[in-house]
Amino acid sequence: MSITVKFFASLRERVGHSEAVVDAAGPLTARDIWARVAGTQPMPPNTLVAVNLEYTAVDRPVRDGDEVAFFPPVTGG
Amino acid sequence: MSITVKFFASLRERVGHSEAVVDAAGPLTARDIWARVAGTQPMPPNTLVAVNLEYTAVDRPVRDGDEVAFFPPVTGG
Amino acid sequence: MAVELRSEIFDVGAELRRYQDAVLRARGKYGATVTFIGTMRDFNEGDAVQGMTLEYYPGMTEKHLHAISDEARRRWDVLDTLIIHRVGKILPDEPIVLVAVWSAHRAAAFDACRYLIEELKTRAPFWKQERLPDGMRWVEHNTPP
Amino acid sequence: MAVELRSEIFDVGAELRRYQDAVLRARGKYGATVTFIGTMRDFNEGDAVQGMTLEYYPGMTEKHLHAISDEARRRWDVLDTLIIHRVGKILPDEPIVLVAVWSAHRAAAFDACRYLIEELKTRAPFWKQERLPDGMRWVEHNTPP
């Protein structure tokens with residue numbers, strides 16, 4: 001399956017890129033996706049995860065075609 | 001003593017004038033002032049009273065030179 | 001801190017800009033501004049309203065608005081406040097009142113703004129007389145919150 | 001109901017007037033408008049801030065702001081809502097966000113406006129990076145209420 005991965009803000013800088021595509025056999029969770037794309041960078045404990053533009057838990061399985069995003073706590077407004 | 005009396009809004013229309021001066025010997029309360037100036041008009045039970053630009057109770061004594069105002073519930077904003 | 005009574009229509013945005021640019025002594029310091037704008041509606045208690053006249057008590061009205069502004073600054077950590085209120089003739093869709101509060105943080109700005117408009121509505125000496133198709137009518141009760 | 005992301009500075013008063021005149025389907029019906037304006041301050045956590053850059057998640061940010069606007073209309077009796085939020089480079093004293101709520105009554109307008117800005121600040125995908133005299137710094141925590 002093919003998963004689009006996005007990183008924002010300080011996580012984007014930490015991982016070193018803003019977007020990636022993972023092609024792999026499932027099942028995979030968002031946490032598994034991080035391990036494949038972020039290399040040796042551990043995921044910060046306050047990382048937020050969205051799948052297909054909705055917040056979700058990091059251990060939820062992802063599906064073929066999903067867009068998975070990782071980002072730090074939000075600071076808008 | 002001399003007391004300036006003011007009426008506002010519907011009380012002004014009911015009493016028939018907006019301002020009056022009462023010259024009388026004290027002691028007098030705001031309620032006494034109403035009786036002297038408003039003629040036979042009874043004071044509506046929801047009437048508000050201010051003496052010298054501050055809310056006060058209708059049975060408080062007034063003093064020479066005071067300005068006493070009578071008005072209905074406020075409806076600003 | 002300012003209290004202004006106006007007999008002419010005013011533009012809310014222009015007033016906020018004017019106050020912030022010319023008066024507010026807190027440039028770069030306020031993160032939160034909360035405003036309340038009361039606008040004249042074209043109906044009340046089921047009747048079409050064509051316009052209204054706002055009467056006030058010169059002297060006491062200003063004194064009361066200054067007193068509640070002082071009280072808001074005592075109770076909350078606010079940097080500045082502005083109250084502009086119309087008097088005289090008003091037409092539907094025109095602003096009746098603007099209350100603005102500037103603060104470093106939003107909770108104080110919301111709380112102080114809400115306090116000011118509640119106090120204004122329940123205690124400040126203003127009286128509305130509505131112009132209906134068949135004549136004038138004094139408003140007896142203020143709108144509920 | 002509108003959600004807008006802007007990369008250029010905007011004038012709060014002009015935006016309110018534009019929305020009310022051109023979009024709001026409630027002329028003569030709203031008695032209460034409550035607005036929250038978030039303004040960039042020139043200091044944070046004790047440091048002088050010269051400017052900031054606001055990053056967002058295209059697609060998710062708009063979706064989230066629409067979702068909270070829908071939720072506000074479900075929870076409170078509001079006539080309309082507007083959220084305008086800056087993205088990209090911002091300078092001190094510029095508005096970052098405008099939240100406006102139009103309602104027949106003030107309690108609903110205050111409650112809905114406060115809900116929207118709290119939800120926006122705690123959940124909407126925006127990230128601030130500050131420009132300090134000695135370099136850039138990601139803001140780690142949002143300002144307390």
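Letters A, B, ... are given to chains in the order of the sequence lines, protein chains preceding strands, and every chain is numbered from 1.
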*Should we count NZ of Lys63(D) as having more than 12 external heavy atoms under 6.0 Å?*
yes
_Closest non-hydrogen atom pair, Phe43(C) against Lys29(D)_ = CE2-CD, 3.7 Å
*Interface residues of residues 106-130 of chain D facing chain C - non-hydrogen atoms under 4.5 Å apart*: Arg106(D), Ala107(D), Phe110(D), Asp111(D), Cys113(D), Arg114(D), Ile117(D), Glu118(D), Lys121(D)
*Measure the spacing between CG of Leu16(C) and CG of Leu16(D) and express it to the nearest 0.5 Å.*
8.5 Å
*asked:* Under a 4.5 Å cutoff for heavy-atom pairs, which residue among Gly31(C), Ala14(C), Pro92(C), Ala100(C) has the most contacts with chain D?
replied: Gly31(C)
_Would you say CG of Asp47(D) has more than 12 non-hydrogen atoms from neighbouring residues, nucleotides or ligands within 6.0 angstrom?_
yes
